[in-house]
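See below for the structure under consideration.
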Amino acid sequence: MIEQKHTIIEIPVTGLLKKTEEYHTKGYRLVQIGCTPLGDRYEINYTFTNTSYEFESLRITVHDGDEIPSISGIYWGAFIYENETHDLFGLTVTGMNVDFQGHLIETRIPTPFKNPPSVTKVPKGGDAS
Amino acid sequence: MSNRIVVPFGPQHPVLPEPIHLDLVLEDERVVEAVPTIGYVHRGLEKLVEKRDYKDYVLIAERICGICSFTHSVTYCNAIEHIMGIEVPARAQFIRTIWMEYSRMHSHLLWLGLTADAMGFENLFMNAWRLREEILDDMEATTGGRVIQGSSKVGGIRLDIPDEKLGEMVDHLKKIRPLLEESNRIFTHDQTVRHRMRGLGVLTKEEAWELGAVGPVARGSGCDMDVRSSGYSAYGELGFKPITLPHGDCLDRCLVRSEEVLASIDLVERAVAKMPDGPIEEKVKGNPNGEYFAFSEQPRGECMHYVRANGTKNLVRHRVRTPTLTNIPPLVKMLAGIELADVPVVVLTIDPCIGCAER
């Protein structure tokens, strides 16, 4: 089994632009931006690689309503993933170089991959508080 | 002073097998800017992973695309197998590699035919698709399916190919190789093809890397990028070398694909020559728990399947980054500055697969 080398580095949202800039300076390519909904939060992976296929992912954790700075000022092509994240997960990405305003991926149900709202189970005959 | 107008291109257009929309901002006949929109065939397949057994989901992963279907199922299986630490038997890895190369051949021949058709070169179109049928015949004979095989599973493959049949497949490829070389000669030397594609939609090596281009789009710009170099499945034992060309125009993107068809034949021949004996699957017990980013080289380029599992039979997340999605920003760059009449040919040269891109 050949293991493709992949390092995951967890960082705060505030450090995203600085770390991304470092990858750009080192000549890394942006491979993808992918979001994972995890109940009450979202993990977003920013994956980069060098020419030797050594993958590295920056991982940030955000919640509904948080603002994520766009890296499209550093990697121009990032707009496609950032608009996808916005359209499917309903997350706010600020400062995108090409902002489709929610119209890149048009789905019948808006933001279909968003975390479902937490539901309070009401006991039979009781009142929801 | 020139006037700016916006011309809508797609989602329905004779050169587009699948729907993508481009708002083309024109100054006279020249494209100044192209703004893409997708979302016409979004199926939410990734979401289904939360409701399906991770083993059954292989069949859904395969249906992400009707062309690079087999590679999708293998990449998904690779991710699960890595998380669970399953050692896939060598014979299964070799047979997977053979089918992946057959997928590449039929995908590239499909694309070469479509490109010839877009240029109005009908004979070349028919020739490419006639040759594709020969490839599909072998796929059908060994898996039962022409474009959806359903023959990969977590832990290995469902079907073996008998050694006698492997020999027949190599003989068949030897027979059609001269026909493919003749077809490639037309793409390389014919005046009509060269005139239509040389110097058109140029993407430099630096731009390709910077914008995240993958597959034949990147290799046609001189980037030595091919995930097969990392040696996944059986590629590490087959002496693989990527094909690159330097000009970064439509013709080089076309020639990379036509050359790769012949390279795929070589890989299949080498895989058959080195085919190990043994079982074709490893028994899978339990459920996956962990995460893995699996990469593969599809006909259209680098593909990523991210799998996140929590120890239950349903996965937490399956995220697919397909080559078409990452080739959209390079396409936007290629379109800026060209004539309106050239747009269909340039769009076609990224081999857009919107079904893949939207899942």
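Throughout, protein chains are lettered first and strands after them, A, B, ... in sequence-line order, and every chain is numbered starting at 1. As the structure is a computational prediction, the values presented were derived from the model and not from experiment.
With hydrogens and angles disregarded, no donor-acceptor distance shorter than 3.5 Å links the side chain of B:Glu237 to the backbone of B:Ala234.
Ring to ring, A:Tyr28 and A:Phe48 are not that close: their centroids are 6.0 angstrom or more apart.
For chain B, the nearby parts of A:Phe113 are the backbone and the side chain; heavy atoms of each come within less than 4.5 Å. The part of A:Leu30 that comes within reach of chain B is its backbone (N, CA, C, O), which places non-hydrogen atoms under 4.5 angstrom from that chain. Residue contact with chain A, scored on non-hydrogen atoms closer than 4.5 Å, involves the backbone and the side chain of B:Pro36 alike. At a 4.5 Å heavy-atom cutoff, the contact between B:Phe293 and chain A is made by backbone and side-chain atoms alike. For A:Ser52, no part lies under 4.5 angstrom from a heavy atom of chain B. No part of A:Asp87 comes within reach of chain B, as not one of its non-hydrogen atoms sits under 4.5 angstrom from that chain. Heavy atoms of A:Ile109 lying under 4.5 Å from chain B are absent altogether. A:Tyr81 touches chain B through its side chain: at least one heavy atom from C-beta onward sits under 4.5 Å away, while N, CA, C and O do not. With a 4.5 angstrom heavy-atom cutoff, A:Glu43 touches chain B only via side-chain atoms.
Each of A:Leu16, A:Leu17, A:Thr25 was scored for a side-chain contact (heavy atoms from CB on, under 4.5 Å) with A:Ile74, with one residue passing: A:Leu17. For the pairing with A:Ser57, the side-chain hydrogen bond (donor to acceptor under 3.5 Å, both in side chains) check across A:Thr7, A:Asn45, A:Thr47 returns one residue only, A:Thr47.
Between B:Phe9 and B:Val347 the shortest side-chain heavy-atom distance falls below 4.5 Å.
One finds the SG atom of B:Cys303 at 14.0 Å from the OH atom of B:Tyr76 (value rounded to the nearest 0.5 Å).
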